[in-house]
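A short write-up of the structure that comes next.
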Amino acid sequence: MKILYKIRASSVGGRSGHAALDDNSLGFDLSPPGSGKSGVNPEQLFAIGYAACFDSALALVAKQMKSAMKRSKTSVEVGLGQTEDGGFVLDIDLYVQVEGVSADEAKKLAEAAHKVCPYSKATPGNIDVRLHPSAI
């Protein structure tokens, strides 16, 4: 495998601390979900990253498949769940809206993007992910 890009981030204080890219180009104060404190949580950051990555993968496969797709919007819902043993897991719903194609083609494009997107490739067997494609 050829590495095309690599970035490093660090966190101090976990969910109640601060996380930033080591090059200082982006950083966030963190707060636990539902705490009422200002800041973001890791699930929100994961949702943003996954949405951007998946929408880019969708554009790539649309081009490869010579699709008539005009544009798309990917929304990602990330849930944080607790297992019976007290551990935690993520749960994902991907809502993919595709303009300029039929509902069947929107489904095919979303499924193809799910095979290409690095976030999607990281999730099988680890995170439940459900695709919800639609044509708009």
* Asked: Can you hop from F54 to I48 via hydrophobic side chains spaced under 4.5 Å?
  -> no
* Is there side-chain contact between L80 and F46, with at least one heavy-atom pair below 4.5 Å? -> no
* Structure fact -> d(R71 CZ, L58 CG) to nearest 0.5 Å is 13.5 Å
* Asked: When rounded to the nearest 0.5 angstrom, what is the spacing between CG in D104 and CG in L109?
  -> 10.0 Å
* Does any non-hydrogen side-chain atom of Q97 lie less than 4.5 Å from one of S75? -> no
* **Heavy-atom closest contact (I7 atom, L21 atom, distance)** => CG1-CD2, 3.9 Å
* Structure fact -> Residues S67 and V101: closest non-hydrogen pair is OG-CG1, 3.5 Å
* Structure fact -> K121 and K115 have their tightest heavy-atom pair at CE-O, 3.0 Å
* Asked: So which heavy atom on F88 is nearest to which on T83, and how close?
  -> N-OG1, 4.4 Å
* Asked: Can you check whether V76 reaches D93 side chain to side chain, under 4.5 Å on heavy atoms?
  -> no
* Asked: If you look at every heavy atom in Y119 and T123, which pair is closest and at what distance?
  -> O-CG2, 3.1 Å
* **Carboxylate-amine/guanidinium proximity below 4.0 Å for R130 and E77** => no
* **Heavy-atom side-chain proximity of Y50 to V129 below 4.5 angstrom** => yes
* **Candidate pair K73 and I136, rule side-chain contact (heavy atoms from CB on, under 4.5 Å), full reasoning** => CA-CA 10 Å; K73 177 183 177 183; I136 54 170; 5.9 Å; no
* Aromatic plane relationship, H132 with Y95 - under 30° parallel, 30 to 60° tilted, over 60° perpendicular -> parallel
* Looking only at heavy atoms, what is the nearest atom pair of G14 and L30, with distance? -> O-CD1, 3.2 Å
* To do: Please round to the nearest 0.5 Å and tell me the distance separating atom OG of S31 and atom CG of N41.
  => 6.5 Å
* Cluster link M65 to L60, ILVMFWY, side chain under 4.5 Å -> yes
* Side chain proximity check, E111 to K107, heavy atoms < 4.5 angstrom -> yes
